[in-house]
Amino acid sequence: ERLTQYSMGVAFVVPSAIVRIALSTILFLSPPPMPYTTAKTVEEAVRWLEGRFRESGMTFPEAARSFLKEFEIRRTEKSV
């Protein structure tokens with residue numbers, strides 16, 4: 001009940017296409033009580049979350065955008 005009331009949504013970031021398909025299937029069969037998406041990248045998830053904020057008439061926090069950008073940079077550096 002609280003998740004429905006207080007959550008704008010959740011984005012699951014799963015780089016693997018096979019795991020993303022499996023997760024999407026599980027979520028389809030047993031959906032969470034809030035909107036959700038499965039994304040390949042953090043950037044894709046952020047775009048979806050920004051849309052959720054926009055639909056709710058809110059502005060996506062700049063601090064969150066900076067944090068996520070830094071997170072993506074660190075993740076990319078580790079994979080090199």
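Just so it is clear, the values below take in all heavy atoms, side chains as well, and ignore hydrogens, waters and symmetry mates. All residue numbers refer to positions in the sequence shown, counting from 1.
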*asked:* For Thr59, is there any backbone N or O sitting under 3.5 Å from a side-chain donor or acceptor partner on Arg54?
replied: no

*asked:* Run the side-chain hydrogen bond (donor to acceptor under 3.5 Å, both in side chains) test against Thr38 and tell me which residues pass, sequence neighbours left out.
replied: Ser24

*Just wondering, are more than 12 heavy atoms of other shown residues or ligands nearer than 6.0 Å to CD1 in Ile18?*
no

*Kindly state each residue pair satisfying ring pair (Phe, Tyr, Trp, His ring centres under 6.0 Å) with at least one member in residues 16-52, sequence neighbours excluded.*
none

*asked:* As an exercise, state the distance from OG1 of Thr37 to CZ of Arg20, rounded to the nearest 0.5 Å.
replied: 10.0 Å

*asked:* Under the rule for side-chain hydrogen bond (donor to acceptor under 3.5 Å, both in side chains), what residues qualify as partners of Arg47, not counting sequence neighbours?
replied: Glu43

*Report the distance from atom CZ of Phe12 to atom CG of Leu23, rounding to the nearest 0.5 Å.*
6.0 Å

*asked:* Between Leu27 and Pro32, is there a side-chain heavy-atom distance shorter than 4.5 Å?
replied: yes

*Considering all heavy atoms of both residues, which atom of Met34 and which atom of Ser7 are nearest to each other, and what is their separation?*
CG-OG, 3.6 Å

*asked:* Taking atom CE as the centre, does Met8 end up with more than 12 heavy-atom neighbours from other residues, nucleotides or ligands that are less than 6.0 angstrom away?
replied: yes

_I need the minimum non-hydrogen distance between Val13 and Thr41, along with the two atoms involved._
CG1-C, 3.8 Å

_Tell me every residue that passes ring-ring contact (aromatic ring centres under 6.0 Å, His included) with Phe53, counting only those two or more places apart in sequence or in another chain._
Phe60

*Locate the shortest heavy-atom distance separating Ala11 from Ala45; write the atom from each residue and the value.*
CB-CB, 3.6 Å

*asked:* Would you compute the distance between atom CD of Glu44 and atom CG of Leu49 and round it to the nearest 0.5 angstrom?
replied: 11.0 Å

_Sequence-distant partners of Glu55, salt bridge (Lys or Arg N to Asp or Glu O under 4.0 Å), two or more places apart_ = Arg52

*asked:* Which residues end up grouped with Tyr6 if you chain together Ile, Leu, Val, Met, Phe, Trp and Tyr wherever their side-chain heavy atoms are less than 4.5 Å apart?
replied: none

